[in-house]
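Below you'll find the structure, written out as structure tokens, and then a few comments.
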There are 2 protein chains.
Amino acid sequence: MSDPLHHFVEEFALAYEMAGIPRTAGRILGWLMVCDPPEQTASQLVEALGASKASISTMTRLLVQMHLIERVPKRGSRQDHFRIRPGTWSERVKSGLAGLSVYKTLADRGLRLLENAPPERGERLREMRELYAFFEEELQGLFERYERRKRKRKG
Amino acid sequence: MSDPLHHFVEEFALAYEMAGIPRTAGRILGWLMVCDPPEQTASQLVEALGASKASISTMTRLLVQMHLIERVPKRGSRQDHFRIRPGTWSERVKSGLAGLSVYKTLADRGLRLLENAPPERGERLREMRELYAFFEEELQGLFERYERRKRKRKG
DNA sequence: CTTTTTGTTCAGTATTGACTAAACAAACCA
DNA sequence: TGGTTTGTTTAGTCAATACTGAACAAAAAG
């Protein structure tokens with residue numbers, strides 16, 4: 001496919017593959033970002049992306065579970081329709097950043113193990129903990145600011 | 001190994017495996033965060049983690065390339081010594097967040113393809129673009145604030 | 001120069017996971 | 001009821017990769 005749109009979809013998929021999302025799932029995402037109309041049936045995806053029915057079925061389910069896309073009911077048609085979930089990217093960034101707290105917890109757990117060791121031994125973990133704590137807190141505020149700005153633009 | 005420290009190392013490795021870092025590499029990281037002394041030879045790592053020489057060699061090289069650990073020269077010993085690279089976690093978060101700009105670029109590229117299409121078709125990409133642009137800008141400031149705070153505490 | 005220590009590279013294994021085709025199931029239409 | 005359309009599940013393939021043991025290379029110590 002030398003179609004520039006499909007080339008874009010491929011780039012899109014590649015970018016999200018680095019984030020641990022399977023190639024085909026990434027292609028679905030990319031396609032749903034630019035297709036017309038924005039809701040697509042499973043067979044349309046099969047056609048547009050040249051993947052197997054099975055793969056589309058599996059990957060759409062995965063993407064729905066990840067809250068990246070959603071099934072949208074369509075009266076008059078018994079086929080499944082999919083579209084990008086509104087606000088998806090915002091939530092994705094949000095939960096991605098929220099995932100930083102895992103590392104804070106991790107550092108905490110390590111520090112508890114070193115309670116009885118000489119303090120300088122915990123230095124490495126303390127620095128790590130401090131970093132993630134800072135961002136956990138600040139990113140909260142950053143998001144609120146973003147949401148507010150967005151609401152202002154729309155309303 | 002029921003040693004709580006090794007259990008911690010295992011958790012550490014597991015957490016970083018989710019981020020795409022091989023298990024053994026994650027174990028090295030975890031161990032170097034809590035070990036005493038903080039610099040360890042390759043053979044000490046082999047001993048502590050129960051991995052093969054080959055694996056340790058490969059994974060330390062990987063971690064050095066990723067700037068997560070560093071080789072530290074040790075006079076009087078011809079063995080390699082490794083330690084957590086000071087400021088590693090800060091840089092890791094930083095470059096992780098900087099990676100968000102990839103997605104902004106991606107959205108831009110898609111929008112250019114839709115220049116001649118009806119404007120509403122670019123809506124999905126515009127929202128994505130706006131989001132990542134916002135964070136790219138704001139996170140810059142956030143980091144500066146963190147660095148400043150850190151310097152203040154130390155100095 | 002030989003031996004020992006240390007680290008890297010290579011070959012082979014095992015595991016994981018993305019993908020497809022084909023069998024299956026379920027819902028609609030004749 | 002039988003046939004068609006649509007989606008899921010299963011079985012098996014293919015590729016990638018993390019890991020090990022063994023061969024290899026390099027450097028120091030004897």
Side-chain angles (χ1 to χ4, degrees), chain A residues 1 6 9-32 39-66 68-83, chain B residues 1 6 9-32 39-66 68-83:
Chain A
M1 297 283 167
H6 281 82
V9 169
E10 212 55 36
E11 283 182 323
F12 204 97
L14 216 59
Y16 278 93
E17 194 171 43
M18 307 237 182
I21 289 176
R23 185 74 62 95
T24 304
R27 280 197 265 253
I28 293 174
L29 278 182
W31 178 249
L32 288 178
E39 296 91 10
Q40 299 268 303
T41 68
S43 15
Q44 280 175 315
L45 293 175
V46 168
E47 161 74 17
L49 305 179
S52 69
K53 253 198 325 176
S55 193
I56 296 295
S57 174
T58 306
M59 290 305 153
T60 48
R61 185 150 35 85
L62 173 69
L63 290 171
V64 167
Q65 276 173 356
M66 297 176 82
L68 288 171
I69 67 175
E70 59 188 7
R71 285 188 134 91
V72 38
K74 214 74 172 181
R75 33 167 290 130
S77 166
R78 57 197 155 101
Q79 285 177 248
D80 286 343
H81 283 248
F82 298 96
R83 70 158 172 233
Chain B
M1 296 282 168
H6 281 83
V9 168
E10 212 55 37
E11 283 182 322
F12 204 96
L14 216 58
Y16 278 94
E17 194 172 44
M18 307 238 183
I21 290 176
R23 184 74 62 96
T24 304
R27 282 196 264 252
I28 295 174
L29 278 182
W31 178 247
L32 287 179
E39 297 91 10
Q40 298 269 303
T41 68
S43 17
Q44 280 175 315
L45 293 176
V46 168
E47 161 75 17
L49 305 178
S52 70
K53 252 197 326 177
S55 193
I56 295 296
S57 174
T58 305
M59 290 305 153
T60 48
R61 183 151 35 83
L62 172 69
L63 290 171
V64 167
Q65 277 173 354
M66 297 176 83
L68 288 172
I69 66 175
E70 60 187 7
R71 286 190 134 89
V72 37
K74 214 76 175 181
R75 35 167 286 131
S77 166
R78 56 198 154 100
Q79 285 177 246
D80 286 343
H81 283 247
F82 299 97
R83 69 159 172 230

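Just so it is clear, the values below take in all heavy atoms, side chains as well, and ignore hydrogens, waters and symmetry mates. Just so we're on the same page: letters track the sequence lines, and every chain starts at 1.
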Legend entry - Exercise: identify the closest heavy-atom pair between B:Ala51 and B:Ser55: CB-CB, 4.5 Å
Is any side-chain heavy atom of [X] less than 4.5 Å from a side-chain heavy atom of [Y]?
X: A:Phe82; Y: A:Glu39; value: no
X: B:Thr41; Y: B:Lys74; value: no
X: B:Ile21; Y: B:Leu68; value: yes
X: B:Met59; Y: B:Leu45; value: no
X: B:Glu10; Y: B:Arg27; value: yes
X: B:Glu11; Y: B:Leu14; value: no

Legend entry - CD on A:Gln65 to OG1 on A:Thr60, rounded to 0.5 Å: 10.0 Å
Inset, instruction - Sugar-phosphate atoms are those with a prime plus P, OP1 and OP2; base atoms are the rest. Using that split, label each nucleotide of nucleotides 3-10 of chain C B, S or - for protein heavy atoms under 4.0 Å, 5' to 3'. - result: --BSBBB-
Inset, instruction - Strictly below 4.0 Å, heavy-atom distances to any atom of DNA chain C: list the hits from residues 14-29 of chain B, or just say none. - result: none
Legend entry - Residue of the set B:Ile28, B:Thr58, B:Leu32 for which side-chain contact (heavy atoms from CB on, under 4.5 Å) holds with B:Leu63: B:Ile28
Inset, instruction - Determine yes or no for a side-chain-to-main-chain donor-acceptor pair under 3.5 angstrom, with A:Ser57 supplying the side chain and A:Lys53 the backbone. - result: no
Inset, instruction - Check every nucleotide of DNA chain D for an atom under 4.0 Å from a heavy-atom of chain A, then give the first and the last such nucleotide from 5' to 3'. - result: D:dT5 to D:dT9
